[in-house]
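Order of the sequence lines sets the chain letters (A, B, ...), proteins ahead of strands, with each chain counted from 1. Source: prediction; values computed, not measured. Keep in mind that the numbers below use all heavy atoms, side chains included, and drop hydrogens, waters and symmetry copies.
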There are 2 protein chains.
Amino acid sequence: MTKKQKYSVIGKRVPKIEGLDKVTGHAIFVDDMKLPRMVYAKILRSPHPHALIKNIDTSKAEAHPGVLAVMTGKELPIKYGILPSSQDENALAIDKVRYVGDEVAAVAAIDEETAEEALELIEVDYEVLPPVLSIEDALREDLPMLHENPRRVNNLAKKINLDFGEVDKGMEEADYVLEEDYLFEANTHVPLETHGAIGDWAPDGRVTVWSSTQTPHYLHREMAKVFEIPRSHVRIIKPHIGSGFGGKSEPFALEFCVAWLSKKCGRPVKLIYTREEVFYAYRGRHAMKMWLKVGVKKDGSITAIDYKSWLDGGGYGSYGIVTTYYSGQFLTLPYKVPNFRFEAQRLYTNKPAAGPKRGHGSVQPRFAIEAHLDKIAEHLGLDPVEVRIKNSVEANTMTVNSLRITSCGFVEACEQAAEKLDWKDKFGKLPYGKGVGFAGSTYISGAGKPIYWNDMPHSGVVTKIDRGGGVAVFCGASDIGQGSDSMLAYVTAEILGVRPIDVRVCQTDTDLTPVDMGSYSSRVTFMAGNAAIDAAEKLKKLLLDVASEHLKVPEEDLELADNEIFSIKDASICMDFIDCVVLAETKHGTLSAPGSYTPPKLGGDYKGAGAGPSPAYSFTTAAAEVDVDVETGEIKVHNLVTAHDCGKALNPIICEGQVDGSAYMGFGEAVLEVQRITKKGLFWTPSLLEYKIPTIYDTPELNSILVESDDPEGPFGAKESGEGPLAPSIPAIVNAVYDAIGVRINEVPITPERVLRAIEEKKKADALALKNGHTNGTHTNGKTEKKVETKV
Amino acid sequence: MTKKQKYSVIGKRVPKIEGLDKVTGHAIFVDDMKLPRMVYAKILRSPHPHALIKNIDTSKAEAHPGVLAVMTGKELPIKYGILPSSQDENALAIDKVRYVGDEVAAVAAIDEETAEEALELIEVDYEVLPPVLSIEDALREDLPMLHENPRRVNNLAKKINLDFGEVDKGMEEADYVLEEDYLFEANTHVPLETHGAIGDWAPDGRVTVWSSTQTPHYLHREMAKVFEIPRSHVRIIKPHIGSGFGGKSEPFALEFCVAWLSKKCGRPVKLIYTREEVFYAYRGRHAMKMWLKVGVKKDGSITAIDYKSWLDGGGYGSYGIVTTYYSGQFLTLPYKVPNFRFEAQRLYTNKPAAGPKRGHGSVQPRFAIEAHLDKIAEHLGLDPVEVRIKNSVEANTMTVNSLRITSCGFVEACEQAAEKLDWKDKFGKLPYGKGVGFAGSTYISGAGKPIYWNDMPHSGVVTKIDRGGGVAVFCGASDIGQGSDSMLAYVTAEILGVRPIDVRVCQTDTDLTPVDMGSYSSRVTFMAGNAAIDAAEKLKKLLLDVASEHLKVPEEDLELADNEIFSIKDASICMDFIDCVVLAETKHGTLSAPGSYTPPKLGGDYKGAGAGPSPAYSFTTAAAEVDVDVETGEIKVHNLVTAHDCGKALNPIICEGQVDGSAYMGFGEAVLEVQRITKKGLFWTPSLLEYKIPTIYDTPELNSILVESDDPEGPFGAKESGEGPLAPSIPAIVNAVYDAIGVRINEVPITPERVLRAIEEKKKADALALKNGHTNGTHTNGKTEKKVETKV
């Protein structure tokens with residue numbers, strides 16, 4: 001990529017390309033679409049968390065006036081799943097249901113009301129089984145297995161053991177070792193748009209599905225398999241999406257149902273999940289129990305980490321194996337850790353399957369490790385920010401588990417967040433009830449290893465220049481609102497010297513756009529961005545060729561910007577972009593070029609080494625300032641500063657928006673959001689009224705800082721911004737609560753009940769300690785006594 | 001292009017790629033589309049053929065409940081037109097209306113009924129002018145001019161004089177010269193789908209128009225000009241089209257109105273013309289008066305042609321200049337004519353503008369010349385088929401007006417059509433009232449010169465291969481039902497060795513598809529086909545590269561067919577297409593390539609030389625067998641044989657369908673269809689009830705024969721099939737009527753009235769001749785006396 005003297009698009013605070021469409025209601029989402037002759041579907045769901053299906057009688061539903069088709073699981077017996085090793089789902093359950101809400105039958109009718117009436121007429125004979133409703137249940141050997149497996153004695157789905165360096169020796173060498181248990185409860189994504197799909201099975205046997213999916217190409221693959229038709233006969237189109245946060249990144253029952261019902265009734269079929277259905281379709285953040293042991297030297301430098309996690313996986317595999325790896329693989333970062341061991345187990349339970357949510361698998365352990373480091377810093381009498389800076393990983397190094405660090409702006413992120421919050425003036429110095437907390441974090445810029453298609457491009461782009469001056473970018477990357485389409489427009493516009501509004505990004509359509517793995521793992525800007533650069537540079541070469549001839553200026557002295565090609569030595573020697581395009585097309589023919597990006601070979605050679613490596617890692621710090629009401633237990637976060645090393649910010653507004661959104665979401669997870677289930681397998685809070693995402697009244701002042709580290713592998717130096725900034729906000733708030741009221745809470749969310757209970761328990765412990773004539777620890781700001789674990 | 005030993009797709013009788021969609025109602029046309037918040041528009045039209053607009057008061061319409069926007073011509077003052085030299089239209093008339101139906105104002109409302117109510121409330125003050133309603137009127141100098149032009153004294157729009165060789169000397173050298181007048185009345189296309197468009201002006205200032213247009217890229221260009229926005233901000237999308245036949249091949253008022261009304265009201269706007277509106281929007285076949293003089297030697301060989309035409313152009317330019325050239329430029333073909341002169345004049349009249357209809361400009365003179373040749377053959381006592389064969393042009397020659405003939409199957413077409421109709425056994429030998437007639441013709445495979453963008457590709461294609469095996473072809477060619485998208489799929493499938501159903505042709509979308517000039521002049525299969533071959537060959541090279549490595553077979557020994565790549569020496573050495581694609585994408589990155597086609601430099605160096613040259617010419621013959629009811633004047637065509645030299649038939653079913661359709665349409669024009677206007681400027685027959693297109697009961701047995709001549713310039717040797725086969729059916733029927741009843745009719749359509757009048761006139765003439773003791777001619781079959789012009 002040729003370097004410009006200055007950028008005309010990159011780094012500028014310009015609108016998202018679809019911004020006006022979205023805010024004016026002009027953008028079309030699945031539910032806005034109406035195809036001729038379209039009918040509507042509904043899904044019948046299991047009322048039992050665990051049961052065998054003995055029989056399904058659909059005859060009355062089929063006979064119901066207005067019903068066009070009814071389907072059951074037996075019609076689509078081939079299993080699917082997002083991972084090759086977790087092919088355990090059917091569009092509709094066949095012999096067994098595994099959670100309340102598991103899909104059992106589907107109906108297409110002339111309208112939604114008729115479809116719902118028909119669902120009532122479907123008779124299902126269930127044989128109810130004892131449910132497995134917790135991690136503890138799943139570890140029992142006397143409960144039925146959700147998925148029969150002769151190699152298992154309980155509901156263990158996946159167990160990982162990884163060992164890097166010499167952990168026991170590292171612990172021996174430590175001056176201080178702290179060991180604790182942590183719990184992170186389940187929560188969910190709450191995309192504003194519920195999942196929706198339209199299926200249209202054409203009379204020639206080709207099927208088109210419009211879906212609110214984050215991974216059109218994986219859906220494409222699974223659909224061809226389940227329907228037993230060539231992949232070239234399946235077309236997935238992604239309209240505008242009202243966000244996903246990971247909750248739309250795998251195949252869902254509705255996508256198969258609309259397609260199959262369309263085949264059965266010969267008309268397009270639409271199905272839009274209700275909000276309640278989305279709560280059950282779920283695939284949200286895994287509830288996770290964790291055990292963590294960290295050894296440090298007196299100066300705070302980490303000598304070893306030993307770690308275990310137990311993941312509550314729900315009824316199906318989903319991305320669970322990846323989540324299980326991700327629950328440990330990034331734990332050492334952003335720190336230098338010479339010895340590291342982790343064991344992780346994912347368990348099946350009779351709940352909706354858990355899957356990836358923003359920060360996938362790394363958010364829960366991030367809470368644990370950052371809370372842990374806070375305790376260690378206190379024990380050592382060190383400033384928590386200084387401890388983090390001291391341990392910071394460096395650019396151009398390799399972690400003990402073979403993650404390659406290219407750029408790293410973590411120290412700068414520590415300094416800037418601390419400064420923004422006036423850390424030095426506040427930490428340990430605020431009155432009782434008020435406190436500040438700090439945490440660091442990391443995230444990947446896309447996974448180095450794809451789910452399928454090893455060694456093939458992760459992102460493909462085709463770019464075309466029209467002789468009228470328009471530029472079209474085709475890419476299968478699935479913009480779900482994060483602005484990835486805008487990023488493709490920006491990099492293309494920058495290279496070709498046009499404005500973003502002259503670039504049309506073709507929304508993902510598996511027929512039209514080249515494969516991109518999809519919107520997950522914060523990969524799109526990085527990977528599709530690199531592919532778009534590749535394509536645009538090829539076209540730029542053709543333009544420079546004719547411009548050089550025409551202007552009689554050597555190619556290396558020409559630059560493209562603002563719809564002109566000009567000499568950098570004398571800008572008056574210039575030509576219009578369209579004139580140049582006309583010359584180039586006349587000489588070279590239709591102007592179009594493909595581009596692609598395949599990450600370099602990354603990672604170690606151990607089993608599981610593929611889960612974790614990324615071509616680049618982002619780094620983030622969060623600093624929170626809180627008020628804790630010790631009467632009500634309520635936590636009020638005043639200020640949440642997030643400093644994020646995003647490489648180069650291709651568009652600071654969008655990067656800041658992603659950082660703000662992540663911090664907002666982390667705040668919600670820290671203090672409000674939780675998905676709990678009743679003994680009958682029902683969610684307590686399956687509605688927006690009951691499930692507490694923060695409103696504008698709850699939300700803290702968000703202060704986002706972009707730290708630009710210029711990654712050598714990233715497009716124009718960019719790294720991810722969409723997920724990494726979420727994780728540190730949670731431990732920052734947890735640590736701030738300790739600074740405020742001197743209680744450590746090892747469970748997330750830190751609800752008022754938990755705060756009050758912790759205060760109560762601490763009072764009892766302090767009273768007991770006083771009675772016994774000694775204290776278990778000291779507190780630097782002297783507000784109250786606090787308990788700190790000492791080396792055994 | 002590498003030659004295969006045998007084709008697996010090309011030349012096969014496979015379905016059209018969209019065939020099932022069309023016959024099952026699955027295909028989506030503009031009127032099937034429903035966008036969110038869409039509203040509906042209607043246009044107010046002039047009740048006067050010629051009037052000044054003094055004032056328009058839209059206030060009552062604007063105040064009408066449910067009306068969202070009203071527009072008048074002053075809002076869009078920039079003129080447009082299909083040709084750079086005929087920019088004489090406004091979306092809505094500004095100061096003057098020029099025909100009954102001329103567009104005056106437009107309304108967008110919540111539904112069509114409300115929009116129509118609002119039209120009634122618009123008050124227009126007209127100052128009525130004397131109308132110009134015929135060619136004769138237009139030549140008068142005392143009637144007002146439709147378009148002010150100080151260089152003119154009457155309503156002449158365009159006059160052409162071309163002179164090739166030495167016509168006067170040619171006439172001198174002739175043994176026989178025949179000179180007559182002919183009239184071809186106006187008729188229209190009658191596409192089953194009426195014109196429709198949806199406009200959607202986005203809040204970012206970019207506008208999308210879905211339109212049933214044959215020329216999306218020209219519309220794209222004109223729209224940007226009229227709206228004064230960059231071309232990159234205009235997007236034209238062509239859904240399925242229910243045919244056009246030339247009647248949708250230029251910008252129409254509705255396209256501008258829906259876009260502008262959408263801008264005004266902020267919602268998508270749909271406008272579908274009623275059938276009556278289409279009759280007025282028109283742009284149908286020009287009424288043409290012709291004078292023709294042909295000199296021949298005794299053996300029938302033509303020594304010279306002298307020709308004049310007068311075209312009734314209606315109120316605007318449209319393609320008129322091209323039509324005017326086309327009324328003469330192809331007249332010598334398919335014959336060798338050493339000397340040729342023509343003069344053509346197009347006149348403005350207060351009627352809807354005439355434009356291109358299938359066979360554009362060449363159908364009317366074809367009737368004249370072929371009827372003329374029939375008379376000449378009779379005079380010389382020669383068989384009409386033999387006269388045509390004797391005069392046939394040859395491959396690899398140049399006509400006197402510099403048209404380059406590459407391949408030519410005209411002689412074979414003569415022989416095969418004659419044989420199919422048992423010509424030798426029937427001509428001149430059938431009983432009175434029954435007869436056979438013969439005619440020849442030619443047509444272009446696309447124009448050698450584009451309307452805009454000289455020297456640039458006429459067709460661009462981008463082809464992409466998905467790693468799932470699907471192939472996407474992007475081309476701006478506008479399939480209007482003729483099957484051009486199928487042709488692109490076939491040539492691509494053939495080269496890449498996949499099935500047509502694995503190829504998805506992206507419907508024209510000026511944002512997504514490269515420029516193709518559009519569906520006119522029978523250019524698409526030829527030009528876009530060549531571009532598609534160019535793109536596919538580039539991709540094939542990448543596939544062969546990896547297949548050769550993998551199979552260890554030299555590239556030249558590999559062939560692609562049936563989704564496999566195999567050695568032509570040992571077909572057991574093979575690999576699956578998808579496996580090959582995966583290897584190729586792994587090695588070469590995203591698999592996509594552009595292709596383009598620019599015709600070679602063609603034509604002479606005289607003024608107007610650009611109108612006529614084509615990279616290849618098709619040749620056709622028609623042989624008709626008729627019954628004439630001398631009591632009613634009704635003509636019944638029993639058999640209409642059409643032998644068409646289409647080069648290579650890429651898919652014989654589709655080529656035959658085009659030939660059948662052309663012959664059907666020619667039959668309708670010959671005996672049924674006519675557009676006549678009242679003294680007040682109204683059409684007599686503006687409905688499908690009154691305007692007589694042939695029904696299945698009227699239609700002759702159609703026998704289509706494909707003559708394959710393998711054109712060196714055409715894709716896989718193909719030439720056009722869509723237009724050329726229309727023209728000869730008309731003179732073949734006219735000539736058959738003469739053979740049946742011995743009367744020559746020089747006016748088309750040959751309605752019952754004309755037949756009866758001709759019989760009556762002949763009776764009178766014969767009676768007069770008998771009285772005067774001589775006859776004016778002889779008739780070979782002795783049925784009755786017939787009049788033949790002799791050399792003066």
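- Within 6.0 Å of NZ in B/K16 there are more than 12 heavy atoms belonging to other residues, nucleotides or ligands.
- For the pair B/A472 and A/D511, the tightest heavy-atom approach, listed with the atom from each and the gap, is CB-O, 3.2 Å.
- Neither the backbone nor the side chain of B/R221 comes within contact range of chain A; no heavy atoms are under 4.5 Å apart.
- Side chains of B/D466 and A/H217: a donor-acceptor N/O pair is absent below 3.5 angstrom, by distance only.
- Chain B forms more heavy-atom pairs under 4.5 Å with one residue of A/G470, A/A224, A/G468 than with any other, namely A/G468.
- Residues B/V471 and A/S232 form no side-chain contact, since every pair of their non-hydrogen atoms from C-beta on lies 4.5 Å or further apart.
- When all heavy atoms of B/T510 and A/K464 are compared, the pair lying nearest together is O-NZ, 4.0 Å.
- At a 4.5 Å heavy-atom cutoff, the contact between A/I28 and chain B is made by side-chain atoms alone.
- Contact of the A/L35 side chain with the B/K34 side chain is not registered, since no non-hydrogen atoms from C-beta on lie closer than 4.5 Å.
- In this structure, B/D200 and A/H26 have side chains that are in contact, with non-hydrogen atoms separated by less than 4.5 Å.
- Heavy-atom distances place no part of A/V498 under 4.5 Å from chain B, backbone and side chain included.
- Crowding of B/D576 atom CG: a count of heavy atoms from other residues, nucleotides or ligands under 6.0 Å exceeding 12.
- Among A/V473, A/T598, A/T513, A/I465, the residue with the largest count of heavy-atom pairs under 4.5 Å with chain B is A/T513.
- Nearest heavy atoms, A/R499 versus B/P230: NH2-CG, 4.0 Å.
- When heavy atoms are compared at a cutoff of 4.5 Å, B/F474 approaches chain A solely by way of its side chain, counted from C-beta outward.
- For the residue pair A/D502 and B/H233, a side-chain donor N or O sits within less than 3.5 Å of a side-chain acceptor on the partner.
- In this structure, chain B has a heavy atom under 4.5 Å from the side chain of A/R206, while its backbone stays farther away.
- Most heavy-atom pairs under 4.5 Å with chain A, from the set B/L20, B/N454, B/I501, B/D32: that is B/I501.
- When heavy atoms are compared at a cutoff of 4.5 Å, B/V461 approaches chain A solely by way of its backbone atoms N, CA, C and O.
- Heavy-atom neighbours of chain A within the stretch residues 584-596 of chain B, taken at a separation under 4.5 angstrom, comprise B/E585, B/T586, B/G589, B/T590, B/S592, B/P594, B/G595, B/S596.
- Only the backbone of B/I17 comes within contact range of chain A, with at least one heavy atom under 4.5 Å from a heavy atom of that chain.
- When heavy atoms are compared at a cutoff of 4.5 Å, A/R267 does not approach chain B at all.
- Among the candidates B/P36, B/A531, B/C506, B/G460, the residue making the largest number of heavy-atom pairs closer than 4.5 Å to chain A is B/P36.
- Each of A/D455, A/D534, A/L512, A/T24 has some count of heavy-atom pairs under 4.5 Å with chain B, and the biggest count is that of A/L512.
- Heavy-atom distances place both the backbone and the side chain of A/V582 under 4.5 Å from chain B.
- Of the residues considered (A/R467, A/M456, A/R231), A/R467 shows the highest number of contacts with chain B, using heavy-atom pairs under 4.5 Å.
- For the pair B/E18 and A/D204, the minimum side-chain heavy-atom distance is 4.5 Å or more.
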